Amino acid sequence: MHDAFDESHARALDERDPLPTLRDEFHVPRFGDGEQAYFVGNSLGLQPRNVRGHVLEVLDTWAEVAVEGHFRGHAAWMPYHELVRDGLARVVGARPGEVVAMNSLTTNLHLMMVSFYRPTAERPAILVEAGAFPTDRYAVESQIRFHGFDPSTDLVEVQPDEPGGTVSMEAIERAITEHGPRLALVLWPGVQYRTGQAFDLAEIARLAHAQGACCGFDLAHSAGNIDLALHDSGADFAVWCHYKYMNSGPGAVAGCFVHERHARTDRPRFAGWWGHQAESRFRMGPEFIPTPGAEGWQQSNPPILAMAPLRASLELFDRAGMAALRAKSLRLTGYLRELVEQRLGEVLEILTPAATEGHGSQLSLRVAGGRERGRALFEYLEANGVLGDWREPDVIRISPAPLYNTHHDVLRFARTVDAWRQGAG
Ligand SMILES: *Cc1c(COP(=O)(O)O)cnc(C)c1O
């Protein structure tokens with residue numbers, strides 16, 4: 001029988017893995033003579049080495065031909081967003097016309113709510129998870145107020161009902177059914193940022209629609225992490241960022257999905273000239289004619305320099321394939337779980353659901369003994385080149401990213417916790 005904690009075992013898992021690591025395609029931060037075990041791809045993904053080339057290409061074009069760059073070459077700026085469209089659609093399981101890269105997540109969430117949160121006196125409410133990421137909560141509260149309604153009655157929050165702070169599908173169903181006739185919008189995460197819990201998006205969309213509400217998803221922790229099937233989920237819209245699992249750099253241009261059935265909607269929207277149909281945009285006419293599909297929600301001409309890293313990143317996603325990445329993610333996270341359960345159970349409690357469909361890459365680990373002890377372990381890990389991230393008051397999140405993390409990285413984490421447990425802890 002193998003010892004899961006054995007170095008040679010981890011090496012063998014890496015060598016045998018059906019999807020060889022693309023680690024060499026990334027800049028991995030140094031640690032001593034080697035590299036960090038970097039598990040914070042859920043916060044800021046590592047820089048792909050091909051980013052620099054794509055950014056320099058834009059700078060060179062600008063330097064060499066200036067305004068002509070809008071029309072020249074294989075990466076002309078005018079249709080630059082189209083260079084990322086198909087790759088993006090593949091990552092999130094959408095049709096090309098359903099996705100667009102633009103703005104930032106919170107901005108896209110507001111733009112989507114302008115179109116898909118249309119409250120009335122009978123149906124004013126938005127349903128979200130309790131403990132949603134702050135920006136989501138601020139955004140929905142401010143939208144409710146903007147329309148003259150009151151968050152204290154019209155913001156419905158579903159409380160976690162499971163130990164460890166996760167939410168059962170039954171609790172979601174109960175809340176949607178109970179508040180159904182008053183719901184204008186259900187907004188739910190694909191993967192919850194604190195617990196790492198993944199949800200059945202198609203089922204949530206079905207429940208929302210059955211009550212006559214719209215349904216949108218925040219996929220900040222899902223895009224590039226789990227194998228989404230956004231089109232099939234039936235969601236009305238979704239928003240996500242590209243600096244987490246999508247490795248496109250700090251503050252990267254974000255993503256947005258609008259379901260095909262709304263491609264030619266006459267719902268209200270906040271329009272801008274880049275959402276105007278491309279053929280006639282430069283006739284500069286007074287009447288807004290939207291581009292069909294998600295691109296019709298664009299407002300401004302896109303920040304080309306900021307889009308270049310996303311283009312680079314999508315090349316790597318296409319090389320590996322999202323289904324293969326998800327399969328590898330399950331192997332890495334499964335190995336992490338095995339190691340924790342085998343020897344670290346008295347230090348770390350796994351909050352993330354064990355079921356395959358109940359999690360993505362991330363395991364949220366509660367450190368036994370409270371905040372002080374948790375901080376001590378977190379700092380010990382950091383001092384030993386193992387980077388996770390800290391969530392108050394006592395949780396360490398570890399997210400092995402299948403593009404660049406290895407079984408050996410995962411073992412480094414477990415062995416470092418084990419050393420701490422036996423010594424300092
Ligand atoms: C990371 C994250 C955000 C970030 O929003 P920005 O507009 O990109 O700053 C929003 N929501 C969730 C759930 C997140 O995890």
Side-chain angles (χ1 to χ4, degrees), residues 39-46 84 88 91-92 99-114 116-117 126-143 155 157-158 160 165-167 172 185-199 201 204 215-226 228 230 235 237-257 270 297-300 302-303 306-307 309-310 313 351-352 359-364 388-392 395-399 401:
F39 293 111
V40 208
N42 58 348
S43 182
L44 183 71
L46 293 180
V84 300
L88 211 47
V91 168
V92 299
V99 297
V100 64
M102 61 181 189
N103 312 315
S104 59
L105 185 156
T106 306
T107 301
N108 289 341
L109 180 54
H110 276 298
L111 293 179
M112 289 295 101
M113 284 195 282
V114 165
F116 296 102
Y117 172 54
I126 303 181
L127 181 139
V128 297
E129 43 154 355
F133 195 91
T135 202
D136 298 69
R137 202 173 187 291
Y138 305 154
V140 294
E141 264 211 44
S142 64
Q143 286 273 340
L155 180 57
E157 293 178 285
V158 183
T166 49
V167 192
I172 299 170
L185 174 67
V186 170
L187 178 68
W188 205 261
V191 175
Q192 215 283 343
Y193 79 99
R194 202 165 351 82
T195 62
Q197 181 180 16
F199 294 96
L201 300 183
I204 292 170
C215 182
F217 294 124
D218 181 331
L219 304 178
H221 279 262
S222 319
N225 178 16
I226 55 176
L228 294 159
L230 265 185
F237 71 87
V239 294
W240 61 92
C241 58
H242 285 136
Y243 47 81
K244 293 172 178 167
Y245 293 99
M246 297 296 296
N247 308 319
S248 301
V253 175
C256 187
F257 163 92
F270 283 174
W297 274 265
Q298 295 176 105
Q299 294 184 323
S300 300
M307 298 267 274
L310 176 59
S313 163
L351 304 178
T352 309
H359 67 84
S361 298
Q362 169 184 326
L363 289 190
S364 298
D389 82 352
W390 176 257
R391 283 287 165 238
E392 295 291 349
V395 173
I396 296 175
R397 303 186 307 174
I398 297 293
S399 302

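Treat the numbers as computed from the prediction; the structure is a model and nothing was measured. Read the numbers this way: they start at 1 and go in the same order the structure lists the ligands and their atoms.
Counting only heavy atoms of the protein, atom 3 (C) of ligand 1 lies nearest to F133 CE2, 3.5 Å. Summary of contacts: the protein heavy atom closest to atom 7 (O) of ligand 1 is T106 OG1, 2.6 Å. Nearest protein heavy-atom neighbour of atom 9 (O) of ligand 1: Y243 OH, 3.5 Å. In terms of protein heavy atoms, atom 1 (C) of ligand 1 is closest to K244 NZ, 1.4 Å.
Side-chain contact check for M246 versus V91: some heavy-atom pair is nearer than 4.5 Å. Side-chain atoms of W390 and I396, non-hydrogen and from C-beta on, do get closer than 4.5 Å to each other. Using a 4.5 Å cut-off on side-chain heavy atoms (C-beta onward), L44 and P250 make contact.
Only side-chain heavy atoms of D136 come within less than 4.0 Å of ligand 1; its backbone N, CA, C and O stay farther off. The side chain of T135, and not its backbone, has at least one atom closer than 4.0 Å to an atom of ligand 1 (non-hydrogen atoms only; side chain from C-beta on). Contacts between D218 and ligand 1 below 4.0 angstrom, taking non-hydrogen atoms only, involve the side chain exclusively.
With sequence neighbours left out, R137 forms a salt bridge (Lys or Arg N to Asp or Glu O under 4.0 Å) with E141, E157.
Geometrically, ligand 1 and Y193 share no nitrogen or oxygen pair separated by less than 3.5 Å.
Between W188 and F199, the ring-plane angle classifies as perpendicular under the 30° and 60° cut-offs.
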